[in-house]
Amino acid sequence: MGYWLMKSEPDEFGIDDLERVGVEPWDGIRNYQVRNMMRDQMKKGDLAFFYHSNAKPPGIVGIMRIENEAYPDSCAFDPEDKHYDPKSDPDNPRWLRVDVAFEEKFDDILTLDWLKQQPELADCPLVRRGNRLSVMPLTEDQWDFILANAKRGQTRGGTNRGSA
DNA sequence: GCCAACGTTGGC
DNA sequence: GCCAACGTTGGC
């Protein structure tokens with residue numbers, strides 16, 4: 001079982017949109033490093049945190065499930081599409097996507113500010129300077145740590161994420 | 001294969 | 001809206 005963190009701008013597509021539609025193609029990935037990870041490591045049934053970027057505040061807002069292995073991103077073939085890439089040949093697609101399914105929305109966001117303060121996450125690319133990956137793998141320890149804190153916040157019903 | 005120009009990401 | 005960081009492009 002693999003664990004991931006995937007970023008999206010809530011103005012474009014947020015956790016509430018995913019909850020409403022249930023399943024959504026995660027398309028528009030135009031970064032080779034991310035594509036390779038999706039192609040080589042991402043498996044059906046993997047879990048991913050949904051991260052809101054360019055949000056106020058940015059942070060982790062819920063969980064989704066990877067529905068299939070990577071397959072060609074047809075958006076790249078559509079000249080009308082925002083993510084059109086004329087260099088992607090339908091006979092040899094350059095870009096891939098997966099479908100993701102809504103799993104859970106947290107009551108409270110785990111903010112980037114809080115995530116940055118956690119020693120357990122010091123090695124996560126998310127909190128490293130200059131990181132630009134929109135999809136990144138998490139270790140099982142990192143996943144468990146984040147999930148435990150998301151749950152703890154829910155049972156408390158509060159927004160306080162002070163390091164205890 | 002170098003590297004300057006340019007585009008994008010994403011926090012602030 | 002600004003801008004630091006980084007990836008990509010393309011001339012040479």
Side-chain angles (χ1 to χ4, degrees), chain A residues 2-19 21 24-42 46-64 66 70-100 102-139 142-143 145-147 149-150 153 159-163:
Chain A
Y3 300 102
W4 304 87
L5 183 146
M6 300 169 77
K7 300 178 181 177
S8 180
E9 302 188 17
D11 289 347
E12 298 278 335
F13 187 83
I15 187 82
D16 291 332
D17 298 303
L18 183 60
E19 181 169 20
V21 300
E24 177 79 2
W26 202 269
D27 53 27
I29 298 289
R30 298 293 180 266
N31 174 287
Y32 290 105
Q33 201 178 342
V34 170
R35 180 204 63 184
N36 293 347
M37 286 190 299
M38 292 175 77
R39 180 190 61 200
D40 301 333
Q41 296 172 242
M42 193 174 271
D46 283 0
L47 296 173
F49 287 126
F50 197 130
Y51 177 91
H52 279 178
S53 60
N54 267 324
K56 297 175 183 176
I60 293 171
V61 294
I63 300 176
M64 52 197 169
I66 307 302
Y71 64 98
D73 183 356
S74 57
C75 294
F77 311 138
D78 178 3
E80 301 298 313
D81 193 276
K82 180 183 175 184
H83 300 290
Y84 174 57
D85 181 356
K87 293 175 184 169
S88 185
D89 178 357
D91 292 329
N92 185 20
R94 174 178 295 201
W95 302 115
L96 305 172
R97 70 177 175 224
V98 296
D99 297 329
V100 299
F102 178 82
E103 190 79 17
E104 180 177 351
K105 178 186 175 183
F106 298 146
D107 288 342
D108 298 303
I109 185 172
L110 288 166
T111 65
L112 176 62
D113 184 56
W114 180 85
L115 295 165
K116 280 179 172 174
Q117 295 173 34
Q118 308 311 311
E120 290 86 346
L121 303 177
D123 292 332
C124 179
L126 182 72
V127 301
R128 304 276 275 275
R129 198 179 67 132
N131 157 65
R132 296 182 59 193
L133 295 174
S134 63
V135 175
M136 68 190 74
L138 298 179
T139 67
Q142 290 166 347
W143 175 272
F145 173 79
I146 293 169
L147 188 59
N149 282 277
T159 55
N160 181 15
R161 289 289 188 279
S163 52

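So that the names make sense, note that chain A is the first sequence line, chain B the second, and so on, each numbered from 1.
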Taking [atom1] from [X] and [atom2] from [N], how many angstroms apart are they, rounded to a whole number?
{"X": "A:W95", "N": "C:dG7", "atom1": "CH2", "atom2": "P", "value": "13 Å"}
{"X": "A:D85", "N": "C:dT9", "atom1": "CG", "atom2": "C1'", "value": "12 Å"}
{"X": "A:L115", "N": "B:dG11", "atom1": "CG", "atom2": "P", "value": "11 Å"}
{"X": "A:H52", "N": "B:dC12", "atom1": "NE2", "atom2": "P", "value": "17 Å"}
{"X": "A:R35", "N": "C:dG7", "atom1": "CZ", "atom2": "P", "value": "15 Å"}
{"X": "A:M37", "N": "C:dG7", "atom1": "CE", "atom2": "P", "value": "12 Å"}
{"X": "A:N131", "N": "C:dG7", "atom1": "CG", "atom2": "P", "value": "10 Å"}
{"X": "A:K116", "N": "B:dG10", "atom1": "NZ", "atom2": "P", "value": "13 Å"}

I'd like to know whether A:N36 forms a side chain to side chain donor-acceptor pair (under 3.5 Å) with A:R39, so could you lay out the CA-CA distance, the side-chain angles of the two residues, the decisive distance to 0.1 Å, and finally the verdict. CA-CA 5 Å; A:N36 293 347; A:R39 180 190 61 200; 3.3 Å; yes
I would like to know whether A:I146 and A:F49 meet side-chain contact (heavy atoms from CB on, under 4.5 Å); could you show each step before the answer? CA-CA 9 Å; A:I146 293 169; A:F49 287 126; 3.5 Å; yes
Of all the heavy-atom pairs spanning A:C124 and A:R128, show the shortest one and how long it is. O-CG, 3.3 Å
Kindly point out which of [options] is positioned nearest to the side chain of [X]?
{"X": "A:R94", "options": "C:dT9, B:dG10, B:dG11", "answer": "C:dT9"}
{"X": "A:N54", "options": "C:dG7, B:dG11, C:dC6", "answer": "B:dG11"}
{"X": "A:K87", "options": "C:dT9, B:dG11, C:dC6", "answer": "C:dT9"}

Using only heavy-atom distances, decide whether a donor-acceptor pair under 3.5 angstrom links the side-chain of A:R30 to the base of B:dT8. no
Looking across every strand, which nucleic acid part, if any, lies under 4.0 Å from A:L133 by heavy atom: base, sugar-phosphate, or nothing? sugar-phosphate
With a non-hydrogen cut-off below 4.0 angstrom, is A:K56 in contact with a base, only sugar-phosphate, or nothing? nothing
So which protein nitrogen or oxygen atoms get under 3.5 Å of nucleotides 1-5 of chain B's nitrogens or oxygens?
none

Just verifying a value: how many Å separate A:L126 CG and A:L138 CG, rounded to the nearest 0.5 Å? 8.5 Å
Roughly how far apart are A:I60 CD1 and A:M6 CE, rounded to 0.5 Å? 13.0 Å
Can you see if the side chain of A:Y32 gets near the phosphate of C:dC6 - specifically, an N or O under 4.0 Å from OP1 or OP2? no
Check the orientation of A:F13 and A:F50. Use parallel for under 30°, tilted for 30 to 60°, and perpendicular for over 60°. parallel
Around atom CD of A:Q33, are there more than 12 heavy atoms of other residues, nucleotides or ligands at under 6.0 Å? no
So if I take residues 5-13 of chain A and measure heavy-atom distances to DNA chain C, which residues fall below 4.0 Å? none
Only one of A:R97, A:R35, A:R94 forms a side chain to side chain donor-acceptor pair (under 3.5 Å) with A:D73, so which one is it? A:R97
Verify whether the ring centers belonging to A:Y32 and A:W95 lie closer than 6.0 Å. yes
Would you say the side-chain atoms of A:Q118 pair up with the backbone N or O of A:W114, donor to acceptor, closer than 3.5 Å? yes
